Amino acid sequence: MLYRRVWEMPTVCAVILTYNRCDLLIKCLDSIDRQTRPCDKIIVVDNASTDGTRDVLGQEWESRVTVVALKENVGAAGGFNIGMRCAYRTGSEFVWVMDDDVFTEPDTLERLLAGDTRLKAHGIQAPFLVSNALSPTGLSTNTPDIDLRPNSLAYGAWPVFLRYSLVPVWRSTFVSILLPRSTLSRFGLPIADMFMWGEDMEYTTRITEESPGYLVGDSHVVHVRVLAGAPNIETESDARRISCFYHHKRNQMYMFRRFKKGSPVRHFAHQIRLALKLAGTGRFRKAALVAAGTLHGLVFDPRIESADEI
């Protein structure tokens, strides 16, 4: 009977995206290696790191991980696109995705899979399940948006599985997200052309248009971010990150157009006011990035790739 249960366990391929954070990556891999429910495969996508990441992986993890070493940095969107495609090609039944600055608890994956099993027992095939992410100080971070669609009685349906620590959500980040193979097969991959900031929000919003994903409250991870809180161009001081706000503003505008989760006109007006505010205080580079990114978002039309594409 034991052999039968092991044989029937679904296969899971973990995907970790890394860029110049070798120390964090090793801690992330160590935490994944200690799972009570081990991964069947682990793929590390190295986004053209220059800090010796590949050498360390070759020395310490060669027999345990598959390294996809990219020749150029294709951004988070491109890296996740490639990693999830590689995981899909392994034939795994689930793909477990995260950045290199996510540290899991020993039962993080086990709890995610238990949540999926619980939902299936109620006839629900969730497009994704995501862990409860906390900052190193214990504060909630990367909090998903609760799905507020009503039930047949016109009341919010979201509390129904609270007794199982499951909450329906419609938008999430890629901080310990578990994706069934069927989700990738049906909805394709994250949009590589988004480059960074928003590819995870776009993807999870896209795949939950018909039915929600689920936050698994008892599956925990710690997310060690470079800066606490959501990206904010007004307070950002890192010159390298400031330049990336072009993509952030473009992707935001695209998603307002694509999903109509708010008023595109109101969002556009808000961004123009922000650009004027930045210019009025002498922050002309930031103002130009906000304006240019937002304007590009009005016509941005990226392609969604199928997971089955060669």
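Owing to the predicted nature of the structure, the values given are computational and were not obtained by experimental measurement.
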Steps toward side-chain hydrogen bond (donor to acceptor under 3.5 Å, both in side chains) verdict (Tyr214, Asp147): CA-CA 9 Å; Tyr214 282 81; Asp147 187 286; over 6 Å; no
Within 6.0 Å of CD in Glu309, more than 12 heavy atoms from elsewhere: yes
Student check: side-chain heavy atoms of Tyr88 and Asp308 closer than 4.5 Å: yes
Shortest non-hydrogen contact from Ser176 toward Met98: N-CB, 3.7 Å
Side chain to side chain donor-acceptor pair (under 3.5 Å) partners for Gln252, two or more places apart: none
ring-ring contact (aromatic ring centres under 6.0 Å, His included) between Tyr254 and His296, worked out: CA-CA 9 Å; Tyr254 165 73; His296 187 187; over 10 Å; no
Gln35 side chain vs Leu109 backbone, donor-acceptor pair below 3.5 Å: yes
Where Ile304 and Phe187 come nearest, the two heavy atoms and their spacing: CG2-O, 3.9 Å
Any side-chain heavy-atom pair of Met9 and Pro38 under 4.5 Å: no
Salt bridge (charged side-chain N to carboxylate O under 4.0 Å, His left out) contacts touching residues 200-218 (sequence neighbours left out): Arg111-Asp218, Arg186-Glu210, Glu202-Arg206, Glu209-Arg258
Atom pair CZ/CZ of Arg257 and Phe268 - distance to nearest 0.5 Å: 12.0 Å
Distance-minimising heavy-atom pair for Arg149 and Ser211: NH2-C, 3.6 Å
Side chain to side chain contact (heavy atoms under 4.5 Å, CB included), paired with Leu57, selected from Leu29, Thr66, Thr18: Leu29
Distance-minimising heavy-atom pair for Pro127 and Thr208: CG-CG2, 4.1 Å
Side chain Asp40, main chain Val12, donor-acceptor under 3.5 Å: yes
Short side-chain to backbone donor-acceptor contact, Asn81 and Pro190, under 3.5 Å: yes
Lys27 with Asp23: basic N within carboxylate O range, under 4.0 Å: no
Minimal non-hydrogen separation, Pro136 against Val224, with atom names: CG-CG2, 4.1 Å
Cluster check Met201, Tyr203: I/L/V/M/F/W/Y, side chain < 4.5 angstrom: no
Cys13 side, atom SG; Glu93 side, atom CD - distance, nearest 0.5 Å: 12.5 Å
Between CD1 on residue Ile146 and OG1 on residue Thr143, distance to nearest 0.5 Å: 9.5 Å
Backbone N/O of Ser49 and side chain of Thr53: donor-acceptor pair under 3.5 Å: no
From CA spacing to verdict: side-chain contact (heavy atoms from CB on, under 4.5 Å), Asn142, Phe174: CA-CA 9 Å; Asn142 301 96; Phe174 286 165; over 6 Å; no
Parallel, tilted or perpendicular: rings of His248 and Trp197 (30°, 60°): perpendicular
Atom pair OH (Tyr246) and OG1 (Thr294), whose distance is rounded to the nearest 0.5 Å: 10.0 Å
Cluster overlap Val216 with Val167, hydrophobic side-chain contacts below 4.5 Å: no
Whether Asn20 side chain and Thr50 backbone form a donor-acceptor pair below 3.5 Å: yes
Residues forming a side chain to side chain donor-acceptor pair (under 3.5 Å) with Glu110, sequence neighbours excluded: Thr36
Check ion pair Lys277-Glu234 (N to O, under 4.0 angstrom): yes
Minimum heavy-atom distance between Val15 and Gly83, given as atom pair plus value: CG2-O, 3.6 Å
Flag, side chain of Glu236 to backbone of Ile242, donor-acceptor distance under 3.5 Å: no
Check ion pair Arg54-Asp51 (N to O, under 4.0 angstrom): no
Check: Thr183 side chain, Leu179 main-chain N or O, donor-acceptor pair, under 3.5 Å: no
Met253 and His267: CA distance, side-chain angles, deciding distance, side-chain contact (heavy atoms from CB on, under 4.5 Å) verdict: CA-CA 7 Å; Met253 190 69 245; His267 175 76; 3.6 Å; yes
By side chain to side chain donor-acceptor pair (under 3.5 Å) - contacts of Ser135 (at least two apart): Thr137
side-chain contact (heavy atoms from CB on, under 4.5 Å) between Met255 and Phe300, worked out: CA-CA 10 Å; Met255 286 189 283; Phe300 187 46; over 6 Å; no
Heavy-atom side-chain proximity of Thr141 to Arg225 below 4.5 angstrom: yes
Side-chain donor or acceptor of Arg163 paired with backbone N/O of Val160 under 3.5 Å: yes
Pairwise distance CD1(Ile42) to CG(Asp33) - rounded to 0.5 angstrom: 6.0 Å
N-O pairing of Asp101 and Arg21 below 4.0 Å: yes
ILVMFWY cluster, Leu166 and Val130 together (side-chain gap under 4.5 Å): no
Spatial distance of atom CG (Asp107) from atom NE2 (His220) [nearest 0.5 Å]: 9.0 Å
Side-chain heavy atoms of Val68 within contact of Ile43, under 4.5 Å: yes
Joint cluster assignment, Val67 & Ile32, ILVMFWY side-chain distance < 4.5 Å: yes
Same cluster (ILVMFWY, side-chain, under 4.5 Å), Leu70 and Phe80: yes
Evaluation steps, side-chain contact (heavy atoms from CB on, under 4.5 Å), between Ile191 and Glu305: CA-CA 7 Å; Ile191 298 175; Glu305 300 174 60; over 6 Å; no
Centroid-centroid under 6.0 Å between His270 and Phe256 rings: no
Side-chain donor/acceptor of Ser92 to backbone N/O of Phe94, under 3.5 Å: no
Backbone of His247 reached by a side-chain donor or acceptor of Asn251 within 3.5 Å: yes
Short side-chain donor-acceptor distance under 3.5 Å, Glu105 and Ser31: no
Any residue meeting side chain to side chain donor-acceptor pair (under 3.5 Å) with Ser219, in chain and number order, not counting sequence neighbours: Ser131
Test log, rule side-chain hydrogen bond (donor to acceptor under 3.5 Å, both in side chains), inputs Thr204 and Trp170: CA-CA 7 Å; Thr204 51; Trp170 63 270; over 6 Å; no
ring-ring contact (aromatic ring centres under 6.0 Å, His included) partners of Phe128, counting only residues at least two apart: none
